[in-house]
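Protein chains get the first letters and strands the later ones, always in sequence-line order, with residue 1 at the start of each.
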Number of protein chains: 2
Amino acid sequence: MYQHTEKHLVAIDCIIFGFEKGSLKLLLVKRKLEPCSGEWSLMGGFLFEKESLDESASRVLNQLTGLKNVYLHQFHAYGDISRDPADRVISVAYFALIKISEHDHNLVREYDARWFSYDDKPVLIFDHDTMVASALEQLRFEAKTRPVGFELLPEKFTLPQFQSLYECIYQKKLDNRNFRKSILASGILKKLDEKDRAGSKKGAWLYRFDKEKYQELLTKGFRFNLTISD
Amino acid sequence: MYQHTEKHLVAIDCIIFGFEKGSLKLLLVKRKLEPCSGEWSLMGGFLFEKESLDESASRVLNQLTGLKNVYLHQFHAYGDISRDPADRVISVAYFALIKISEHDHNLVREYDARWFSYDDKPVLIFDHDTMVASALEQLRFEAKTRPVGFELLPEKFTLPQFQSLYECIYQKKLDNRNFRKSILASGILKKLDEKDRAGSKKGAWLYRFDKEKYQELLTKGFRFNLTISD
DNA sequence: CCAAAAGTGTTATCGCTACACCCATGA
DNA sequence: TCATGGGTGTAGCGATAACACTTTTGG
């Protein structure tokens, strides 16, 4: 309908975060396309004609992990002319928070993908390193403001695990007494009658995110707000 | 280079904020294109082949205002399939903060554009109302965290003006003693030897944003942070 | 019984919030 | 002289940050 206007390639790139064994991880794929074939990159794909940006991001993520209904957050569009040396491509970046244990290992193997600890990830192609840095920044903001940490943990988790997750996200040791106090005070954790003995002999109580309670509190004007100082 | 992939129309839309006579304003244009010709919309335009997204936003903004080097902030990409009933268009939204007094009135007239108070803006086409709401949310975040308010004021401004701006952005009355205290304490305002007598008989002292001081403070770990409670 | 991780309260400080009156001036 | 908006200080309270020891249990 709109005539005489140039069209562009539009891509989606996903920064896929996970958390395992006390460290924040990224799922990266070995690129199979020229240019830069064989190098590490974010999982991505081109936008189709009849899907929205969000749908496209879900599809791309699903291709690699087999997961649906994952936490996905669009955070920036990248459009420098030569960001991809092969062609002019606009890329819309999303970050995803997934529970590592639930993803499909076979798909990951097929794609030549691998989980890297955030701290020793390889250098990525194009502007993907910038995207990753920006995604972490966004994640930090979200994690303070909304209860998104749970997306990275199993259904049942312990407080030491939860704290360790936050320590990874903010690259900062936190005081366990203060941390427990504030998260428990928020009232959105349900304590279970089970312990996890994987981490210690004594065992740590398992908790679950109480989604109903959270929704209820929201209607009362409650705002999730874990204070993490710089 | 990348074969067999669909290309898309990519547009830029600008939410243009201004501040005048104690109210937050939006610059809107009367659309000249079908569909929805004659209705109010955001200023926008299609992305060209050889310009980045940021450059495109600057160009679009410059077309309507004649201004360059304006504060522009990309905040979201909109990509629902039918957001524009005429065609599939991906739109990358930016918000701009401009000093109303400095823009080019003739251009605005040519474009059939008009400044509206935020509170009585008309209903906009497509998803532009959503964009505006989201832009204000982003502006609120930015204004707490970074000294961006100055972009909306003349070079010289008074503290009552400055406070009034913040009251507009947050739709909330603020305590003048507390507000003055915190902004002055930050040390980024330079008091001038001049008064503005437009607002009152007594006159109010003029200030200027001290950019050098701000840069210097940044290097010392200072972070701008006006606390505005909900 | 020892090592290793889980769990638990209190205190001081700082920052936010609330609050009311005098000042300068032009009309 | 009066009406209008500009400018000023303090005290109480709540939230944050700092801090160390006891508990449990498997090996």
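- Rounded to whole Å, atom C1' of C:dA4 lies 14 Å from atom CG of A:Asn176.
- The interatomic distance linking A:Asn225 (CG) with D:dG14 (P) rounds to 18 Å, in whole Å.
- A close approach under 4.0 Å does occur between a side-chain nitrogen or oxygen of B:Arg180 and OP1 or OP2 of D:dG7.
- Rounded to an integer number of Å, the gap from B:Asp196 CG to D:dG6 P is 9 Å.
- Closest to the side chain of B:Lys181, out of D:dG9, D:dA20, D:dG6, is D:dG9.
- Atom CD of A:Gln74 and atom CZ of B:Phe75 lie 10.5 Å apart (nearest 0.5 Å).
- With B:Phe179 as the aromatic partner, B:Arg177 does not meet the cation-pi criteria of under 6.0 angstrom to the ring centre and within 45 degrees of the ring axis.
- Using a 4.0 Å cut-off between charged side-chain N and carboxylate O, B:Lys121 and B:Asp129 make a salt bridge.
- The CG atom of A:Asp127 lies 4.0 Å from the CZ atom of A:Arg83; values are rounded to the nearest 0.5 Å.
- Each of A:Gln161 and A:Lys201 has a nearest nucleotide on DNA chain C; the 5'-most of these lies closest to A:Lys201.
- Closest contact between the side chain of A:Arg197 and the listed nucleotides D:dG9, D:dT25, D:dG6 involves D:dT25.
- Summarising the geometry, the separation between CG on A:Leu174 and P on D:dC19 is reported as 15 Å, rounded to the nearest angstrom.
- Summarising the geometry, the separation between CD1 on B:Ile183 and C1' on C:dC16 is reported as 16 Å, rounded to the nearest angstrom.
- Across the protein-nucleic acid pair, B:Arg223 atom CZ and C:dG15 atom C1' stand 20 Å apart, rounded to whole Å.
- Phosphate contact (OP1/OP2 of D:dA17, side-chain N/O of A:Ser229, threshold under 4.0 Å): present.
- Sequence order on DNA chain D of the closest nucleotides to B:Asn178 and A:Thr227 puts B:Asn178 first from the 5' end.
- Across the protein-nucleic acid pair, A:Ile228 atom CD1 and D:dA18 atom P stand 13 Å apart, rounded to whole Å.
- The CG atom of A:Asp175 sits 11 Å away from the C1' atom of C:dT8 (whole-angstrom rounding).
- When each of A:Lys202 and A:Arg177 is assigned the nucleotide of DNA chain D with its nearest heavy atom, A:Arg177 is the one assigned upstream, toward the 5' end.
- In this structure, A:Lys191 is positioned above the aromatic face of A:Trp205, its NZ or CZ under 6.0 Å from the six-membered ring centre and within 45° of the axis.
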